Amino acid sequence: RSSGEKFEFQAEVSRLMDIIINSLYSNKDIFLRELISNASDALDKIRFLALTDKDVLGEGDTAKLEIQIKLDKAKKILSIRDRGIGMTKEDLIKNLGTIAQSGTSGIKKINVFNVLVEKMQSSGDLNLIGQFGVGFYSAYLVADYIEVISKHSDDNQHVWESKADGKFTVSEDTWNEPLGRGTEIRLHLRDDAGGYLEGSKLKDLVKRYSEFINFPIHLWASKEVETEVPVEEDESAEEESETTSTEEEKEEDAEEEDSEKKQKTKKVKETVHEWELLNDVKAMWLRSPKEVTDEEYTKFYHSLAKDFSEEKPTAWSHFNAEGDVEFKAVLYVPPKAAHDQYESYYNSNKANLKLFVRRVFISDEFDELLPKYLSFLKGLVDSDTLPLNVSREMLQQHSSLKTIKKNLIRKTLDMIRKLAEEDPDEVHDDDKKDMEKSGENDEKKGQYTKFWKDFGKSIKLGIIEDASNRNRLAKLLRFETTKSNGKLTSLDQYIKRMKKGQKDVFYITGSSKKQLEKSPFLERLIKKGYEVIFFTDPVDEYLMQYLMDYEDKKFQNVSKEGLKVGKDSKVKELKEAFKDLTKWWKESLAGENVDDVKISNRLADTLCVVVTSKFGWSANMERIMQSQTL
Ligand code: ADP
Ligand code: MG
């Protein structure tokens, strides 16, 4: 066997492998779902290619889109084989030696990777590994030597091998059995990982972690079978060779036994091998939502999101759209925001929905399915209306996508609205009497507040970006006010509490509630019993440039010119009385960028205040803009 070509791992990969090898992380099971998920990805890729070129599937066994697991107890080898797309020599070097740079740009990937390594080091939790495109290396949790044998249609069969010592070798494979197409991962198990040679353990793990893989997973299982054979008796010295007897003969024997007098039998054990199917490949989303349990939805979420934290998703929606464009979809609000959810919002294009056409996985990089502000959702769409045998590019331009997108947004906003409606914390004191019957909803208590904390920013970005759903999104807004006592409240609640004669919704923007509470702009409003919204998130300033009105009410920034608080007959008199003073004042400040000096009724104790003009930036906006240009 030739010595092969030697390579070194990219420094980041080496670092990761060191962490994995030396990890005390007790849940080593995760390697199996990572390898199965890679096998499934590779099968998805070949099935996708087969849509436009049937010949790529090949013939005989090669055409079977499946995953096979074999255990070799004597040699302590666990192997996982798929008939997926396979890897060329170049693929092996790039994919299993460097950090995969698919989709997002390379630099971002490295940054994300460094965040991961830090997180894993500090928490000791490797569960996140699959979310960062480095799941393959988790195999070194259980193996000290790994061979990857792979055959891609563009290249000869090659073997990649490494003992995780900083280097790996790639050789042309002249000694293993030809794979036809696909990849076999051979794990030479560490001494402390012998448990993974037990068929029962693997079955268990596949059930637990890979339940929703859409390709059959087979285990080459050994089974002890007990067969009953008659005990030979002296008088009826029947000649029988048990090992060669056919089923038919056995049956005949059994009948004979029955008809004759009772005859003694003995049990014989033998070991047989057979492929055992471990999963149910029926796509979960095809089932009726009524038949799917909460637990199944939760598990499906985990497998979709590669999130195995065991946390329950905050909400989900599973529906079937009929009409001109038919599709099924399952949408999830994750249990919490991704660590980089809002970090790179404007330069990321990461959609998290998987698109299937008639059960065939097409892509998870379809930006056309959801607007950017909903990119926090996870889920999938399976459409029967979209054409199967066209390129991804053509599919991206298909007119049905617009309809699907519109539908998905609608359903998402419904799902979020329901989260609020079912949350007992969302029922405010003045409504309590209408909702006396609750009590069964303890589990839902606080769920909207939690959603808002994690994803409220997305709703605000939606108001800015999505004019056609602005009003629906505004209904989902939450904020604190001068009267909310530290709790969140909504625009609907605010409007309900508005004072008689109050026309506008009052708000003030700033960097914190604490700072705003001292603002002289609020003095008189509070004294007169008006409620003022605190907007303290930098994005709120932009938000309020887009949110002009809600339910026929206009928004009024109380630090800006034009504030009207009820009627005040005295103002006219005062204006007249102080005419000379204001005139003198304005003239003296003429060089100081002051537009005007006016008598106002907005203050209570403070003597004077500088306000922004109606159409200018608020002081808070100036502050935000300044911090951004620095
Ligand atoms: P990810 O799956 O997130 O890309 P992995 O570390 O699990 O990250 O795998 C790295 C890459 O190696 C994959 O993107 C794929 O290109 C390649 N790969 C791994 N396993 C297989 C396989 N069984 N068949 C084909 N390619 C594979
Ligand atoms: Mg993977």
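We count ligands from 1, going down the list as the structure has it; atoms in each ligand are counted the same way. All heavy atoms count here, side chains included; hydrogens, waters and symmetry mates do not. Everything numeric in this text was worked out from a predicted model, so none of it was measured.
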**Student:** Sort and list the pairs that fulfil salt bridge (Lys or Arg N to Asp or Glu O under 4.0 Å) and have at least one residue in residues 205-219, not counting sequence neighbours.
**Tutor:**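 For residues 205-219: Asp29-Arg208, Asp204-Arg208, Glu211-Lys299.
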**Student:** Nearest heavy-atom pair of Ile46 and Arg83: which atoms, and what distance?
**Tutor:**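 Closest approach of Ile46 to Arg83: CG2-O, 4.0 Å.
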**Student:** I want to check a possible cation-pi pair here: Lys167 against Phe9, using under 6.0 Å from ring centre and within 45° of the ring axis as the test.
**Tutor:**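 Checked: cation-pi criterion not met.
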**Student:** Would you call Glu274 and Lys223 a salt bridge, taking side-chain N to carboxylate O under 4.0 Å as the test?
**Tutor:**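 Result for this pair is yes, salt bridge flagged.
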**Student:** Is Ala42 in polar range of ligand 1, meaning some N or O pair under 3.5 Å apart?
**Tutor:**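 N/O-N/O distance below 3.5 Å does not exist for this pair.
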**Student:** Taking 4.0 angstrom as the limit and counting only heavy atoms of Met87, give me the atoms of ligand 1 inside it, by number and element.
**Tutor:**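 Heavy-atom distances to Met87 below 4.0 Å select 17 (C), 18 (N), 21 (C), 25 (C), 26 (N), 27 (C).
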**Student:** Counting only protein atoms, how many N/O/S atoms are less than 2.8 Å away from the Mg ion (ligand 2)?
**Tutor:**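 My tally for this metal is 1.
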**Student:** Can you find a non-hydrogen atom of Glu34 under 4.0 Å from ligand 1?
**Tutor:**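 No.
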**Student:** Enumerate the atoms of ligand 1 whose separation from the nearest heavy atom of Phe136 is less than 4.0 angstrom.
**Tutor:**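 Atoms satisfying the 4.0 Å criterion: 5 (P), 6 (O), 7 (O).
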**Student:** Do Phe356 and Asn214 make a side-chain contact, defined as non-hydrogen atoms from C-beta onward lying under 4.5 Å apart?
**Tutor:**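 In contact.
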**Student:** Within a distance under 4.0 Å of any heavy atom of Leu96, pick out the atoms of ligand 1 and give their elements.
**Tutor:**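 Taking each heavy atom of Leu96 in turn, ligand 1 has 12 (O) under 4.0 Å.
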**Student:** Could you name the option among Asp91, Val13, Leu35, Asp82 that has the heavy atom nearest to atom 23 (N) of ligand 1?
**Tutor:**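 Among Asp91, Val13, Leu35, Asp82, the closest heavy atom to atom 23 (N) of ligand 1 belongs to Asp82.
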**Student:** Where the closest heavy atom to atom 12 (O) of ligand 1 is concerned, which of Val134, Asn95, Val148 has it?
**Tutor:**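 Heavy atom nearest to atom 12 (O) of ligand 1 belongs to Asn95.
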**Student:** Does Glu8, at its CD atom, have more than 12 non-hydrogen atoms belonging to other residues, nucleotides or ligands within less than 6.0 Å?
**Tutor:**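 No, not enclosed.
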**Student:** Taking the six-membered ring of Phe361 as reference, does the NZ or CZ atom of Lys354 fall below 6.0 Å from its centre and within a 45° cone about the axis?
**Tutor:**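 Output yes; distance and angle both within limits.
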**Student:** Charged N to carboxylate O below 4.0 Å: is that the case for Asp165 and Lys163?
**Tutor:**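 Not counted as a salt bridge, because no side-chain N and carboxylate O are separated by less than 4.0 Å.
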**Student:** For Glu90, does the CD atom sit with more than 12 other heavy atoms under 6.0 Å from it, leaving out its own atoms?
**Tutor:**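 No, CD of Glu90 has 12 or fewer neighbouring heavy atoms, counting only those of other groups under 6.0 Å.
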